[in-house]
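Keep in mind that this is a model prediction, so the values were computed, not measured.
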Amino acid sequence: NRLNPMKTETEEMWRRLESALCGTVPLLVTFVLVILCAVPYGVPGLSLVMPLLPLISVYFWAVHRPDLTPAIGHFLIGLLQDILVGTPIGLSAAMFVGIHAAVHYQRPFFHGKTFLVLWFSFALLITMISLCSYTAVAIYSFLLPPAFPVLLQLLLTIALYPLLTRIFQSILRVLIRTI
């Protein structure tokens with residue numbers, strides 16, 4: 001490529017652009033899950049038990065590619081979720097950043113762990129986050145919300161973790177080849 005240095009520079013520019021776009025994939029995945037969870041499906045009460053799919057995404061990407069998932073990105077997507085679903089502004093953002101921070105703080109623990117350990121850790125973390133969220137909503141509304149929908153939502157979220165993780169791992173393999 002000594003004959004055409006412009007071609008080399010152009011190729012390098014496109015490679016960098018592709019790498020930068022691929023770097024946004026984890027946040028885009030979380031964003032899409034927020035949209036999927038906010039869509040009104042016309043099923044009464046579904047919004048009360050809709051699994052917290054974006055939290056699975058936040059956890060997965062914070063464990064496996066923290067370099068591509070800045071806390072500010074999670075914060076902004078959490079604010080968007082609050083606006084779309086009508087939760088108190090900042091609640092989802094706090095949940096997203098809380099998961100991000102917990103994973104970041106315990107990064108050495110998560111490194112190289114088996115799927116079952118990661119799933120169990122997710123279950124513990126999401127249970128704590130859900131309890132804090134439930135308490136915050138109760139304080140915010142001066143009313144104790146029914147616990148059963150929250151429990152069902154929690155169980156559905158934990159149950160869907162393996163499926164979403166499998167999808168995210170496929171995305172991750174493509175990212176690794178591209179970045």
Side-chain angles (χ1 to χ4, degrees), residues 1-41 47 50-87 89-119 121-122 125-126 129 156-179:
N1 283 332
R2 286 186 224 161
L3 300 175
N4 192 348
M6 281 300 280
K7 184 177 180 183
T8 305
E9 289 175 20
T10 304
E11 288 172 353
E12 178 63 20
M13 180 189 71
W14 283 112
R15 189 194 65 70
R16 286 183 183 177
L17 181 61
E18 179 183 31
S19 180
L21 289 174
C22 287
T24 64
V25 167
L27 289 176
L28 287 174
V29 167
T30 306
F31 174 78
V32 167
L33 291 173
V34 164
I35 300 301
L36 283 174
C37 289
V39 170
Y41 292 101
S47 63
M50 178 63 87
L52 302 169
L53 303 179
L55 291 180
I56 298 172
S57 181
V58 170
Y59 176 82
F60 178 87
W61 295 110
V63 167
H64 296 286
R65 283 309 298 260
D67 57 315
L68 299 179
T69 55
I72 187 69
H74 288 150
F75 177 80
L76 294 172
I77 293 171
L79 284 179
L80 174 68
Q81 180 169 318
D82 290 333
I83 291 167
L84 292 176
V85 300
T87 53
I89 299 296
L91 181 63
S92 297
M95 291 169 60
F96 288 16
V97 171
I99 286 180
H100 181 92
V103 170
H104 178 75
Y105 180 71
Q106 293 296 320
R107 183 97 179 107
F109 168 78
F110 290 113
H111 183 70
K113 293 298 190 256
T114 66
F115 170 79
L116 287 176
V117 170
L118 292 176
W119 190 12
S121 299
F122 172 76
L125 186 56
I126 193 73
I129 293 285
L156 286 170
T157 303
I158 293 168
L160 286 172
Y161 178 84
L163 175 64
L164 260 66
T165 296
R166 179 162 244 157
I167 294 168
F168 297 158
Q169 285 171 338
S170 297
I171 294 169
L172 182 58
R173 280 192 288 278
V174 172
L175 283 178
I176 288 172
R177 279 187 258 134
T178 308
I179 294 179

Engineer: Which pair of heavy atoms, one from Ser92 and one from Asp82, lies closest together, and at what distance?
Structural biologist: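 So the two residues come closest at OG-OD1, 2.7 Å.
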Engineer: Can you tell me how far CZ of Phe96 sits from CG of Leu76, rounded to the nearest 0.5 angstrom?
Structural biologist: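 Between Leu76 CG and Phe96 CZ, I get 11.5 Å after rounding to 0.5 Å.
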Engineer: Is there a donor-acceptor contact under 3.5 Å from the side chain of Trp119 to the main chain of Ile158?
Structural biologist: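 Checking the backbone N and O of Ile158 against the side chain of Trp119, a donor-acceptor pair under 3.5 Å is found.
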Engineer: Do Ile167 and Val29 have side chains that approach each other closer than 4.5 Å (heavy atoms only, starting at C-beta)?
Structural biologist: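 No. Closest side-chain heavy atoms not under 4.5 Å.
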Engineer: Using a cut-off of 6.0 Å, state whether more than 12 heavy atoms not belonging to Phe110 lie near its atom CZ.
Structural biologist: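 It does: Phe110 CZ has more than 12 such atoms within range.
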Engineer: Mind listing the closest non-hydrogen atom pair of Val97 and Ala71 along with its distance?
Structural biologist: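 Smallest heavy-atom distance, with atoms named: CG2-O, 3.9 Å.
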Engineer: Enter the distance from Ile99:CD1 to Ile129:CD1 here, rounded to the nearest 0.5 Å.
Structural biologist: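 These two atoms lie 5.0 Å from each other.
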Engineer: Please output the side-chain donor-acceptor pairs of residues 21-28 that fall under 3.5 Å, not counting sequence neighbours, one pair per line with the distance.
Structural biologist:
from  : atom 1 : to    : atom 2 : distance (Å)
Thr24 : OG1    : Leu21 : O      : 2.6

Engineer: Just verifying a value: how many Å separate Phe75 CZ and Leu80 CG, rounded to the nearest 0.5 Å?
Structural biologist: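 Spacing of CZ (Phe75) from CG (Leu80) equals 12.0 Å.
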Engineer: What's the spacing between Gln81 CD and Ile35 CD1 if we round to 0.5 Å?
Structural biologist: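 Going from CD on Gln81 over to CD1 on Ile35, the span is 9.5 Å.
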Engineer: How far does CD1 of Ile126 sit from OG of Ser121, to the nearest 0.5 angstrom?
Structural biologist: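 Going from the CD1 atom of Ile126 to the OG atom of Ser121 covers 13.0 Å.
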Engineer: With rounding to the nearest 0.5 angstrom, report the CG to CD1 distance, Leu84 to Ile77.
Structural biologist: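 Answer for the CG-CD1 pair, Leu84 versus Ile77, is 11.5 Å.
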Engineer: Closest heavy-atom contact between Met50 and Tyr41?
Structural biologist: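 Of all heavy-atom pairs spanning Met50 and Tyr41, the closest is CE-CE1, 3.5 Å.
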Engineer: Which heavy-atom pair separates Leu53 from Leu33 by the least distance, and what is that distance?
Structural biologist: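 Shortest heavy-atom separation between Leu53 and Leu33 comes out as O-CD1, 3.6 Å.
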Engineer: Specify the closest pair of heavy atoms between Leu79 and Ala93, including all atoms of both residues, with the distance to one decimal.
Structural biologist: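 Distance-wise, the nearest heavy atoms are N-CB, 3.8 Å.
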Engineer: Sequence neighbours left out, cut at 3.5 Å: what donor-acceptor pairs do the side chains of residues 54-64 make with other protein atoms?
Structural biologist:
from  : atom 1 : to     : atom 2 : distance (Å)
Ser57 : OG     : Thr30  : OG1    : 2.6
Ser57 : OG     : Trp61  : NE1    : 3.4
Tyr59 : OH     : Leu118 : O      : 2.8

